[in-house]
Amino acid sequence: MEKKNLDWGNLGFAYHVTDYRYVSMFQNGAWDDGALITDDKIVMSEDAGVLHYSQSVFEGLKAYETEDGHIVCFRPDLNASRMADSAARLEMPAFPEDRFVDAVVETVRANAAWVPPYGSGATLYVRPMMFGISPVIGVKPADDYMFRIFVTPVGPYFKGGAKPIYVRVSDFDRAAPRGTGHIKAGLNYAMSLHAIVDAHKKGFAENIYLDPGTRTRIEETGGANIIFVDADGNLVIPASTSILPSITRRSIHYVAENYLGLKVTEREVTLQEVKEGNFVECGLCGTAAVISPVGMINDHGEDIAFPSGMEKMGPTMQKLYDTLTGIQMGRIEAPEGWIVRIM
Ligand code: PLP
Ligand code: COI
């Protein structure tokens with residue numbers, strides 16, 4: 001199979017129209033058989049539920065070419081179950097989890113020519129999505145839904161790749177205390193758009209959101225969970241009921257304990273203790289972010305600098321990064337069930 005002629009080493013995190021996408025429709029109370037199609041456009045009613053009441057959930061995972069030339073993806077079963085949780089919260093029918101994994105495999109296989117070559121620094125981003133497509137005018141769930149998966153080759157989420165980033169504490173909230181922060185709904189990202197545009201204008205790569213109830217605890221950023229390393233070299237992960245349960249973060253937790261022998265604590269983390277210098281390293285983690293080191297946090301004009309600095313990743317983040325990406329790209333043996341071979 002011949003790869004597409006792209007400048008793989010210089011891809012940004014951007015959308016390319018690729019050859020095939022998977023579509024299944026929920027109509028008359030059931031999912032149809034689904035199929036790969038080539039048309040990247042969607043035609044729908046001007047009154048589709050998604051357009052008015054934002055009934056939309058999505059997922060993000062990646063496919064990789066491994067060192068020995070296979071194509072694999074990472075823990076798609078967890079995306080399937082998280083999407084089912086997201087759908088339930090928005091009163092949508094879940095797409096069957098086994099069919100979700102099969103559809104990811106089928107879509108990536110059909111677009112194999114778009115999977116960036118091993119070692120290029122790029123990967124194939126897989127975007128499953130589901131939304132209400134039938135008309136609704138009173139506030140209620142739609143009757144019909146489209147489930148769809150497309151893929152796009154991507155480079156690093158943050159410019160500069162693995163260089164530490166500068167982020168700020170946001171005055172806006174992305175979630176509500178008993179809202180939808182824990183699911184992957186498009187509406188959470190709508191909430192964050194003004195804040196991210198404003199952050200970028202002011203020179204920050206991302207926003208750190210505080211817990212919306214008390215605004216004293218660290219939650220996550222607009223597109224990634226946050227992890228810290230304390231002075232003893234152990235991993236501290238902020239716990240909250242209003243953050244997205246990141247699959248990358250759950251994997252890092254396991255890798256830190258079982259591959260690197262670190263102590264891992266998931267607990268509430270206050271902004272105050274970050275200011276007091278309790279942590280020597282900080283990073284953002286997610287499918288798109290992988291592990292992106294944070295060099296400095298700005299809190300209303302006050303800089304909180306981590307000893308790891310703005311030049312390179314700190315030593316513990318680097319070990320976590322090397323181990324996680326080593327597992328994803330087939331250089332390090334994965335825990336049972338983490339890697340799904342596509343071809
Ligand atoms: N938090 C938010 C708000 C996200 O959008 C993402 C991306 O999916 C993550 C965390 C990381 O989750 P995952 O590691 O499952 O990609
Ligand atoms: C992902 O990491 O998959 C996400 O959905 C984050 C998004 C900001 C691109």
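All of these numbers come straight from a predicted model, not from anything done at the bench. Whatever order the structure lists ligands and atoms in, that order sets their numbers, starting from 1.
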Does R127 approach ligand 2 within less than 4.0 angstrom via side chain, backbone, both or neither, non-hydrogen atoms only? side chain
Measure the distance from atom 5 (O) of ligand 1 to every protein heavy atom, then report the residue, atom name and distance (to 0.1 Å) of the closest one. Y189 OH, 2.5 Å
So, does E59 sit close enough to ligand 2 that a heavy atom of it is under 4.0 Å from the ligand? no
protein heavy-atom neighbour closest to atom 8 (O) of ligand 1 works out as K184 NZ, 2.8 Å
N/O to N/O below 3.5 Å, does that happen between T248 and ligand 1? yes
Return the residue, atom name and 0.1 Å-rounded distance of the protein heavy atom closest to atom 6 (C) of ligand 1. G223 O, 3.3 Å
Determine whether the side chains of R331 and Y118 contain a donor N or O and an acceptor N or O closer than 3.5 Å. yes
Just jot down the ligand 1 atoms closer than 4.0 angstrom to any heavy atom of R82, in number order. 12 (O), 13 (P), 15 (O)
Hey, does T287 come in under 3.5 Å of ligand 1, counting only N/O atoms on both sides? yes
For R250 and ligand 1, answer yes if some heavy atom of the residue is under 4.0 Å from a ligand atom, otherwise no. no
Based purely on interatomic distance, does E220 place a nitrogen or oxygen under 3.5 Å from a nitrogen or oxygen of ligand 1? yes
Is there a heavy atom in Y189 that sits closer than 4.0 Å to ligand 2? no
What about Y15 and F150, are their ring centers closer than 6.0 Å? yes
Is the ring centre of F95 less than 6.0 Å from the ring centre of F26? no
Return the option from I247, I252, N79 holding the heavy atom at the smallest distance from atom 13 (P) of ligand 1. I247
Counting only heavy atoms, which portion of A224 has something under 4.0 Å from ligand 1: side chain, backbone, both, or neither? backbone
